[in-house]
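Okay, structure first, notes after.
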2 protein chains.
Amino acid sequence: MTAGPYRDRSGKTLADYPRPSVAVDTAVLTLDERNGLVVLQVHRENERGWGLPGTFLHQGERLADAVKRSLKFKANVDGLAPRQLHVFDEPGRDNRGWVLSVAHVDVVRQERLAQRLPESTRLMPVDSPGRLSFDHADIIARALGYLRERYTRSPDPDHLLDDEFTIRELRLAHEQIAGTPLQRDWFRRTMEPQLIPTGVLSSRGRGRPAELFRRA
Amino acid sequence: MTAGPYRDRSGKTLADYPRPSVAVDTAVLTLDERNGLVVLQVHRENERGWGLPGTFLHQGERLADAVKRSLKFKANVDGLAPRQLHVFDEPGRDNRGWVLSVAHVDVVRQERLAQRLPESTRLMPVDSPGRLSFDHADIIARALGYLRERYTRSPDPDHLLDDEFTIRELRLAHEQIAGTPLQRDWFRRTMEPQLIPTGVLSSRGRGRPAELFRRA
DNA sequence: GGAATAGTGTCTATGAGACACTATCGT
DNA sequence: ACGATAGTGTCTCATAGACACTATTCC
């Protein structure tokens, strides 16, 4: 198949070049009843305290697969759609050696995190994620930007809510993500064309019952 | 300083993990009188035809520095501000082995590319960049998206024009980047608040002389 | 004068914010 | 009746597109 190893113009093969370790780190975001938008953290055993879940890339593995593997292993989460955010490459960022980290983001319903280990994982509000390395705070900020952009126009694209919901429930979820209150009437007018009415009324709250909708 | 190599919970050191080669590839965009928005390509010696300039990461090197080094070496360009676009990680994307590539984008005045080697480099229109690997076409598309976003609101942020220019010259440059004609009156009204009038008139064209402006 | 371009006035359509009103529940 | 929420009408303001008009140059 191949006529010996590839050599470049200086006669070096691929193996002659130094190679960094490559890791993935992921900000898994979800909505919490009490704390709003929260980020999954894991206790890193031989290291300092809490951090975002991550792993080293295995031989020939896709980055997205490494993300899925690390989350499956650490929080028993599947059905993920990790998305790249940024490569962190400061030479001194990891005291174990030369490690590049490809930061990712993913968004899941909190139920999907139910199987996680309660002692070695925690969910922290994105506003006050605790003491983390500079990298990880930056990853959370980028993840938040991504999520806010994603939720500006489309009704709950990541299915944080059930299949059916009232417009109020939808707006409260979007407000948690935006971090600011959203206008009630404008929000309805923007989202309603992207929703399918079910004709069924919900009386989960106090006032007039609201119609349940599905995503279009 | 360090108490032996780091070991994780399975007793492995960093060196026990497989490491991919890491490369950077860069879409350098510039404006050409005749061909509009063009992308710098280099002839890759032992490989197939033309591609975007790139290099392998050196030991402990920052990604941005590798980009600068590759462009300095291949096109004698400096004063760059490379920006990460995406990591390409398909296992079979490079027939030399397991190579991750971190795609970057940069935008420079064509004068900055004047010193490049005429036989081993070329400038191709972004619309018809020639035969490139799938990766590189994707990089160009992402670079274009980045540049268009950058040029929607701000007058020539990458200084593709001189310090002083007429609003017509500015608009023609923005049209090359947008790929569509921009409305003359609306463009002026959007950009003029971000410009400083010089009071000097230019009679470079045919019609009524236009005022020269600077960026605010 | 005519072509070409600069610079400006104004009308319209759209999206987003603001406010207010009616409607329908639980208590 | 009252508080609370749902759903809707309408006014305003900013932005963007469209069109048209005057102004000033070169030929």
Side-chain angles (χ1 to χ4, degrees), chain A residues 31 33 36 145 148-157 161-216, chain B residues 31 33 36 145 148-157 161-216:
Chain A
L31 275 182
E33 284 277 315
R148 284 183 176 158
E149 171 64 27
R150 212 172 142 70
Y151 269 67
T152 42
R153 301 211 159 259
S154 186
D156 188 26
L161 301 176
D162 291 332
D163 284 344
E164 298 191 353
F165 43 80
T166 66
I167 291 188
R168 176 185 167 79
E169 290 162 352
L170 181 66
R171 179 168 51 84
L172 293 177
H174 279 245
E175 284 177 350
Q176 295 290 345
I177 290 166
T180 60
L182 300 175
Q183 201 151 329
R184 190 174 64 92
D185 41 10
W186 170 80
F187 184 80
R188 163 178 282 270
R189 277 186 261 256
T190 312
M191 294 301 174
E192 201 166 351
Q194 307 177 59
L195 297 172
I196 298 164
T198 64
V200 181
L201 295 184
S202 150
S203 40
R204 300 178 199 171
R206 277 189 287 192
R208 169 175 166 180
E211 189 168 6
L212 289 172
F213 291 83
R214 285 184 223 273
R215 296 173 192 81
Chain B
L31 274 182
E33 284 277 316
R148 284 182 176 158
E149 171 64 28
R150 216 172 138 71
Y151 269 69
T152 42
R153 301 214 158 257
S154 186
D156 187 28
L161 301 176
D162 291 332
D163 284 344
E164 297 190 353
F165 44 81
T166 67
I167 290 188
R168 175 184 168 79
E169 290 162 351
L170 181 66
R171 179 167 53 83
L172 293 177
H174 279 245
E175 284 176 352
Q176 294 290 346
I177 289 166
T180 61
L182 300 175
Q183 200 151 330
R184 191 173 64 93
D185 41 9
W186 169 80
F187 184 80
R188 162 178 281 272
R189 277 186 261 255
T190 313
M191 294 301 174
E192 201 167 351
Q194 306 177 58
L195 297 172
I196 298 164
T198 63
V200 180
L201 295 185
S202 149
S203 38
R204 301 177 199 172
R206 275 189 290 194
R208 168 175 165 181
E211 189 168 6
L212 289 172
F213 291 84
R214 286 184 223 274
R215 296 174 192 81

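No hydrogens, no waters, no symmetry mates; every other heavy atom, side chains included, goes into these values. Order of the sequence lines sets the chain letters (A, B, ...), proteins ahead of strands, with each chain counted from 1. Remember, predicted model here, so these are calculated numbers, not experimental data.
You'll find the side chain of B/Asp156 reaches within 4.5 Å of the side chain of B/Arg215, heavy atoms only. Between B/Leu172 and B/Phe165, the closest side-chain pair of non-hydrogen atoms is not below 4.5 Å. Inter-residue side-chain proximity for A/Thr166 and A/Phe213 is flagged as unmet; no heavy-atom pair is nearer than 4.5 Å. The closest side-chain heavy-atom distance from B/His174 to B/Arg171 is not below 4.5 Å.
The listed nucleotides are C/dA16, C/dT8, D/dT25; the one nearest the side chain of B/Glu192 is C/dT8. Minimum atom distance to the side chain of B/Arg184 is reached by D/dC21, of the listed D/dC21, D/dA18, D/dT5.
In this structure, CG of B/Leu170 is placed 15 Å from C1' of C/dA6, rounded to the nearest angstrom. Atoms CD1 (B/Ile167) and C1' (C/dT8) sit 12 Å apart, rounded to a whole Å. B/Arg171 places its CZ atom 13 Å from the P atom of D/dG17, with the value rounded to the nearest Å. In this structure, B/Arg208 places its CZ atom 8 Å from P of D/dT25, rounding to the nearest Å. D/dG17 atom C1' lies 10 Å from atom CH2 of B/Trp186, rounded to whole Å. In this entry the distance linking CE of B/Met191 with P of C/dT8 reads 17 Å, nearest Å. Distance, B/Phe165 CZ to C/dA6 C1': 16 Å, rounded to whole Å. With rounding to whole Å, A/Gln183 atom CD is found 14 Å from D/dT10 atom C1'.
Toward the 5' end of DNA chain C, the nearer of the two residues A/Arg153 and B/Thr166, judged by each one's closest nucleotide, is B/Thr166. Between B/Glu169 and A/Leu201, the residue anchored nearer the 5' end of DNA chain C, judged by the nucleotide with its closest heavy atom, is B/Glu169.
Heavy atoms only, all atoms of each residue included: A/Ala216 and A/Ile196 are closest at CA-CD1, 3.7 Å.
Judged by distance alone, with hydrogens and angles left aside, B/Arg206 brings no side-chain donor or acceptor close enough to the base of C/dA4 to form a pair under 3.5 Å.
Between B/Arg168 and C/dT5 there is a side-chain polar atom (N or O) within less than 4.0 angstrom of OP1 or OP2.
Contacts of A/Arg189 with the nucleic acid, taken as non-hydrogen atoms under 4.0 Å apart, include base atoms.
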